[in-house]
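Report on the following structure.
For clarity, every value in this text was computed on a predicted model and none was experimentally measured. Along the sequence shown, the residues carry numbers beginning at 1.
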Amino acid sequence: MEFASKPREQSGHQPQRRAVFRSLQQLWRHRYFRRLLAVRVAIQSCDGVLQVALAAYVLLSPERQPDAASIAVVLAITLLPFSILGPFAAIVIDRVSRRQVLVVGNLLRAAVTLGLAFLVATGLQTTGVETLIYGGLLVAMSLNRFLLAALSASLPHTIDAGEYLVANSVVPIVGPAGLLIGVAVAAPLRLILGHVMPDHRANAILFLVAAVGFVVSAGLALLIPRGQLGPDGTVVTRARDIVSGLIDALAHLRSRRAAGLGLLTIAAHRLVFGIVTVATILVFRNYFQSPDQIDPAIADLGLVVVITGAGFFFASVVTPPMSARLGLRSSMIISLLGSAVFQLLPGAIYARVPLMVAAFLLGLTAQILKICVDTLVQAHVADEFKGRVFVIYDMIFNVVLVIAAVIAAVILPANGKSVIILIIMAVGYVLVALGFALASRGVSMDEGTESLQAVSRT
């Protein structure tokens, strides 16, 4: 982000920009980093297609005018099961070839999504069919979080130890970029198909496209050698390892204060951000559009996703120079305080353009925070615990988002519009920033940024 008010400040930013590009060139020379990046692009692109299909089937049907409670139910069905199975997944990630996890996980997800395509294509809305569909979505979403945890745990095996911050700035480009690719393909495709065939068949085709994409993702993972992504150990998994492994990971996390504080902070941020996300969905679905206006609602929500993703993308450019100059701790505090400001202005102006601008800015600050926390976890957690800690990280995301949706169901009106709630959310961001600032005093938080720091000084 450019804060160029004086000529000498502009020249001061030139080395930072050069530092970022030099670091990116350095990362690009790592062959397996490039290949892991390709796998992530493919997975997240398919996830974008799957999410459009899910939204079209569950939230954008004329028969289903969503309220916050229905969104909370959908989130609980799709996210909570992984929170229960997460410890089992963590043991797998820390015991089994992570390359194989990416291959098998993608193939399983392709099979589940293909089954969903068939069920949706029938057009049946009986209790039995809808139960199977929600069950399939439950499995597909849980596998997605599992794969993302495996990708995060694999990253350190493709780069040097001092490159974590830069890598965590590049990788978040890929997630939103991949998601945007999926949404950019699926949303227009769904609009076109909706005009030439029944809605259930149009939705089924989106599920089919996602299934094909997951097969491609598995093929890309096969380009990486089986043992390249770790884990380093060769311990055989046993049933009792699941509980003891999780306890060991939590104990390890408690001893790594920087990583622990990062996870607690992003959990608190996620609670506020989740409530605001539910409110945004309701505003664009129920406040700006009537229940029978499906195409405009799809277009609006698709644009919100794209603009929020653009904020994520821009964060990957802003975070390295920002963290090189200010440090991870200050960057996290600034992102939280920025969220508080943007939540009110322009976020409390209930018109399409101001809300789109707010989506970009809140996406930007949220991703700055996540890049910093990802770096803290990768730099301060030992490799043999990374899989378990990243699954705990994802579990926190899942559980807190569902809790946020439940709270939203209680406090939000049906159309999502409430200036008072947005003021309360802004105060929440400020309190999180204050709590983190006090708790992190004296804690070293800049490990994993050495490559960026060194290049920025040249």
Side-chain angles (χ1 to χ4, degrees), residues 1 3 12-13 15-16 19-20 23 152 155-156 161-172 252-273 311-312 314-343 361-382 386 389-390 392-393 396-397 400 426-457:
M1 183 180 293
F3 298 101
H13 279 283
Q16 290 181 344
V20 176
S23 297
S152 296
L155 180 61
E163 298 170 337
Y164 292 155
L165 176 63
V166 178
N168 282 318
S169 299
V170 173
V171 170
H252 179 75
L253 194 56
R254 284 196 298 270
S255 70
R256 306 298 175 102
R257 191 175 177 191
L261 283 174
L263 292 181
L264 289 175
T265 301
I266 205 166
H269 170 273
R270 185 74 168 174
L271 183 66
V272 180
F273 189 77
F312 290 169
F314 193 54
S316 66
V317 177
V318 171
T319 307
M322 180 180 181
S323 299
R325 171 172 288 190
L326 303 177
L328 291 176
R329 178 177 179 270
S330 295
S331 298
M332 292 171 67
I333 293 171
I334 290 171
S335 70
L336 289 165
L337 293 177
S339 297
V341 174
F342 301 144
Q343 186 59 69
L361 294 172
L362 291 172
L364 168 67
T365 54
Q367 194 67 7
I368 290 174
L369 183 67
K370 187 177 186 303
I371 291 170
C372 293
V373 174
D374 286 356
T375 302
L376 290 176
V377 172
Q378 287 180 342
H380 292 268
V381 174
K386 276 191 172 75
V389 170
F390 270 107
I392 291 171
Y393 191 169
I396 289 171
F397 258 54
V400 171
V427 172
Y429 281 128
V430 173
L431 293 177
V432 175
L434 179 61
F436 172 74
L438 293 174
S440 61
R441 286 185 300 181
V443 178
S444 175
M445 291 192 162
D446 288 321
E447 291 183 31
T449 68
E450 294 86 352
S451 174
L452 180 63
Q453 297 284 356
V455 177
S456 68
R457 289 193 293 268

Distance (rounded to the nearest 0.5 Å) between [X] [atom1] and [Y] [atom2]:
X      : Y      : atom1 : atom2 : result
Leu326 : Ser331 : CG    : OG    : 5.0 Å
Phe390 : Leu155 : CZ    : CG    : 8.0 Å
Arg257 : Leu376 : CZ    : CG    : 13.0 Å
Met322 : Met332 : CE    : CE    : 11.0 Å
Leu263 : Leu253 : CG    : CG    : 5.5 Å
Leu369 : Leu328 : CG    : CG    : 10.5 Å

request  = Evaluate the ring planes of Tyr393 and Phe397, with Trp represented by its six-membered ring, and classify them as parallel (under 30°), tilted (30 to 60°) or perpendicular (over 60°).
outcome  = perpendicular

Exercise: identify the closest heavy-atom pair between [X] and [Y]:
X      : Y      : answer
Met445 : Ser440 : CE-CB, 3.7 Å
Pro156 : Gln378 : CD-NE2, 4.2 Å
Cys372 : Ser323 : SG-OG, 4.1 Å
Ala433 : Ile333 : CB-O, 4.3 Å
Phe273 : Ala366 : CE1-CB, 4.1 Å
Ala382 : Arg256 : N-NH1, 4.2 Å

request  = Starting from the C-alpha separation in whole Å, work towards a yes-or-no answer on side chain to side chain contact (heavy atoms under 4.5 Å, CB included) for Phe314 and Gln367.
outcome  = CA-CA 9 Å; Phe314 193 54; Gln367 194 67 7; over 6 Å; no

inquiry  = Let's go through Arg329 and Arg441 carefully: what are the C-alpha distance in whole Å and the side-chain angles of both, what is the deciding distance for side chain to side chain contact (heavy atoms under 4.5 Å, CB included) to 0.1 Å, and is it a yes or a no?
reply    = CA-CA 9 Å; Arg329 178 177 179 270; Arg441 286 185 300 181; 3.5 Å; yes

Just list the side-chain donor-acceptor pairs under 3.5 Å for residues 264-272, sequence neighbours left out, or say none.
residue: Thr265; atom: OG1; partner: Leu261; partner atom: O; Å: 2.8

ask   = Any sub-3.5 Å donor-acceptor pair from Thr365's side-chain atoms to Leu362's backbone N or O?
value = yes

key: Test log, rule side chain to side chain contact (heavy atoms under 4.5 Å, CB included), inputs Ile396 and Ile392   = CA-CA 6 Å; Ile396 289 171; Ile392 291 171; 4.2 Å; yes

message = Filter on salt bridge (charged side-chain N to carboxylate O under 4.0 Å, His left out), then keep only pairs touching residues 361-372, sequence neighbours left out; what's left?
response = Lys370-Asp374

